[in-house]
Amino acid sequence: MMSSHPRNSFDSEIDPLPSEANPEALAAAVSTTAIADDLRKLFEILPDAIRVPLEQHSLRDQLIEVVMDLGRRPEARFPSQADYLLETPVSRTDLQHCIDRVGHFSGDNRAGIEQTLHRISAMRNRTGDIIGLTCRVGRAVFGTIGMIRDLVETGQSILMLGRPGVGKTTALREIARVLADDLQKRVVIIDTSNEIAGDGDIPHPAIGRARRMQVARPELQHQVMIEAVENHMPEVIVIDEIGTELEALAARTIAERGVQLVGTAHGNRIENLMKNPTLSDLVGGIQSVTLGDEEARRRGSQKTVLERKAPPTFAIAVEMLERQRWVVHEQVADSVDSLLRGRQPHPQIRTVSETGKVVITHELSSLPATESLPAQTQQRGTWASGGWRTSGQMLPLSQKPHLVPPRSPRAEPLGSHPRGVMEEPSFEQMLQESFYQMERLEQPSHGSFNGSEGLGLAPKEGMPLHLYPYAVSRHQIDQVIQTLQLPLVLTKDMDSADVILALRSHVKSHAKLRQLAKNRQLPIHTLKANTIPQIVRALRRLLNLDDPQMPDGEDVGLFMKGDSEDEMEALEEARLAVEQIVIPKGQPVELLPRSASIRKMQHELVEHYHLESRSFGDEPNRRLRIYPA
């Protein structure tokens, strides 16, 4: 119990982590945790028939919660199992016994036990009567923030994310104590449900010298947040469960006033917040912007893209995946920008070893085919530098017709050829060959250089191919690479590239790019449109996986019978559905209702992609549904 563990005794047991965030110093730091749970006070509210078997249970100290539902057997839940405490169902008398011994149930149906951290949550029927109770054990775990102690000391705002039950509130409570006691800061806790500092007017000793402001109703939390800053001059505000737009706006207001924020939010990872319009402002907000022609060409993206709207409210984000494994985004702005551009951020992974040392590693990028690579080619989440070119294993293939190799199950929908059939070069291949015929004649002979467009590169021993995109959407290329599991890696550095993939119209007018490629002996592969089918075909051809029957995303005008805007709009709708959803995501798509003649054109366009489509519904709402292959 808490009385047997004065706060000063915990302070002497916890070795503070170094303020420098370097892996060597942190890895050597040891944090000893101590736990205070006041289980006796929780057991006292339970009926004797339930309390006695619970006190005698071998896993009593690991208890998470006791569940009491009317007409069902009472249940005790532990980290690895759940056990019934009685064979007799819970009665209304048992429920009332508990209700009479706890505090008042607030608007969010929560109550507490004074001077403890336990939470009693009620389930009610339609008339408002309580028919179930969840008695959750609240524990003060001292030393639990050892993994991020150095981040807490920086004075930057920290956002804690994670699933329910992973320990967000426990960590928040300990952060408040460390900031108030160890760092001597003025800390105010906004305690919506009295979950951080316990029930009653006197806060639990687990928060140290930090002050606590209670919230009368959950919907007023944002007002209490602003009131705390205006009336009590805090240096740090601690908030639990930011869940509404008003609370997110209040958090930004507080951050703009120079107050350090430490809070939790609904969501497991940063991506969840970005997709949540209510809370996206916590990570800077998302807006659509239009780029200039030169900037869009430089990025290889569309002119309309998503960008971060403002600096994030929280500079640091911690994703609590497990109790002893946290993902730390030291620069939330950089992580959000990377995700918006289709790239994976590289956050820290902080874990605690068996000896109590903090170990820092970096999260690996989700690159394709890593499992098939030898271990020596995988370094800190990226492919080993050099790829095929530096290994001397990038060899030109013969221009003779070749056997189409067997395709993986994920690549199968992109074509319908029987395996092992002799295939002649397609018209597109020959066109690409003629386009670069002049450059091939000018290139010096080199064993690892292939200047032709229609020829593939033969991978050996699972070595990846480093691809430099020019005026082509990196996001779409990355989508195709991950979907088809291709051994390709995108690079921003032409010096480390093995091959260049560029838009044909830009290469024709960019003599400097051709000269740079010539000097570096880099082959240039082109595509005529920045679309998913064109990228798929170009990458498969580049890796000698080309399927000549795979369509090239012809102009929808070829399928029009007239020149009406309705036809153009309907065909463009079908083309976008195929290229942006059906092929890259493997999901069926339902189009808008159209007339019979226009549906026929849409069917022809879908057949061009070797996909299946069907009409369903009754006129005038009959429409197409497109299915993945």
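None of the values given here were measured: they were computed from a predicted structure. As a basis for the values below, the full set of heavy atoms in this structure was taken, side chains included, without hydrogen atoms, waters or symmetry mates.
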- prompt: Can you check whether T244's main-chain N or O pairs, donor with acceptor, with T278's side chain at less than 3.5 Å?
  reply: no
message: So, using ring-ring contact (aromatic ring centres under 6.0 Å, His included) as the criterion, who are the partners of Y470 when residues are at least two apart?
response: H510
field: Any side-chain heavy-atom pair of T313 and S157 under 4.5 Å
entry: no
- line: Residues passing the salt bridge (charged side-chain N to carboxylate O under 4.0 Å, His left out) test with D281, sequence neighbours excluded, are R252
field: Sequence-distant partners of E612, salt bridge (charged side-chain N to carboxylate O under 4.0 Å, His left out), two or more places apart
entry: R614
- prompt: Got a sec, which residues hit salt bridge (charged side-chain N to carboxylate O under 4.0 Å, His left out) with R323, two or more places apart in sequence or on another chain?
  reply: none
message: Less than 4.5 Å apart, side chain to side chain, heavy atoms only: is that true for L340 and I286?
response: yes
- prompt: Can you list the residues that meet the side chain to side chain contact (heavy atoms under 4.5 Å, CB included) rule with A317, with sequence neighbours excluded?
  reply: I270, H329, V332
statement: Taken in chain and number order and not counting sequence neighbours, the residues that satisfy side-chain hydrogen bond (donor to acceptor under 3.5 Å, both in side chains) with K303 are D293
query: Got a donor-acceptor contact below 3.5 angstrom from the R594 side chain to the R599 backbone?
result: no
task: State, yes or no, whether a side-chain contact exists between L513 and I500 at a heavy-atom distance under 4.5 Å.
output: yes
Test item: side-chain donor near acceptor, Q534 and N530, under 3.5 Å: no
task: State, with a plain yes or no, whether a side-chain heavy atom of D334 is found less than 4.5 Å away from one of P345.
output: no
- request: Could you check if a side-chain atom of L161 sits within less than 4.5 angstrom of a side-chain atom of V327, using non-hydrogen atoms only?
  value: no
task: Identify, with sequence neighbours excluded, every residue that meets side chain to side chain contact (heavy atoms under 4.5 Å, CB included) alongside A471.
output: R297, L503, H506
Test side chain to side chain contact (heavy atoms under 4.5 Å, CB included) applied to E607 - qualifying residues, sequence neighbours left out: none
- prompt: Can you tell if the side chain of L465 reaches within under 4.5 Å of the side chain of L467, non-hydrogen atoms only?
  reply: no
Sequence neighbours left out, cut at 3.5 Å: what donor-acceptor pairs do the side chains of residues 620-629 make with other protein atoms?
from, atom 1, to, atom 2, distance (Å)
R622, NH1, G617, O, 2.7
R622, NH2, S615, O, 3.3
R623, NE, E590, OE2, 2.9
R623, NH1, N621, O, 2.7
R623, NH2, E590, OE2, 3.4
R625, NH2, E590, OE1, 3.0

- line: Residues at least two apart in sequence or cross-chain that pass side-chain hydrogen bond (donor to acceptor under 3.5 Å, both in side chains) with R308, listed by chain then number, are D337
message: Please find the pair of heavy atoms, one from I242 and one from L279, that lie closest to each other, and give the distance.
response: O-CD1, 3.7 Å
message: For a salt bridge (charged side-chain N to carboxylate O under 4.0 Å, His left out) check, start with the C-alpha distance between E579 and R575, then their side-chain angles and the critical distance, and finish with the verdict.
response: CA-CA 6 Å; E579 295 182 4; R575 182 185 70 82; 2.8 Å; yes
query: From L159 CG over to I316 CD1, what is the distance, rounded to the nearest 0.5 angstrom?
result: 11.0 Å
task: Quick one: list whatever passes side-chain hydrogen bond (donor to acceptor under 3.5 Å, both in side chains) with Q331, sequence neighbours left out.
output: none
Atom of A251, atom of L261 and distance for their closest heavy-atom approach: O-CD1, 3.1 Å
- request: Heavy atoms only: give me the nearest G263-F314 pair and the separation to one decimal.
  value: N-CE2, 4.0 Å
- line: V499 and L522 have their tightest heavy-atom pair at N-CD2, 4.1 Å
statement: Hits for side chain to side chain contact (heavy atoms under 4.5 Å, CB included) against V166, two or more places apart or cross-chain, chain-then-number order -> R163, K168, M320
query: Crowded around D618 CG? As in, over 12 foreign heavy atoms under 6.0 Å?
result: no
query: Distance from L542 atom CG to L527 atom CG, nearest 0.5 Å?
result: 11.0 Å
Considering all heavy atoms, the nearest A171-M160 contact: CB-CE, 4.0 Å
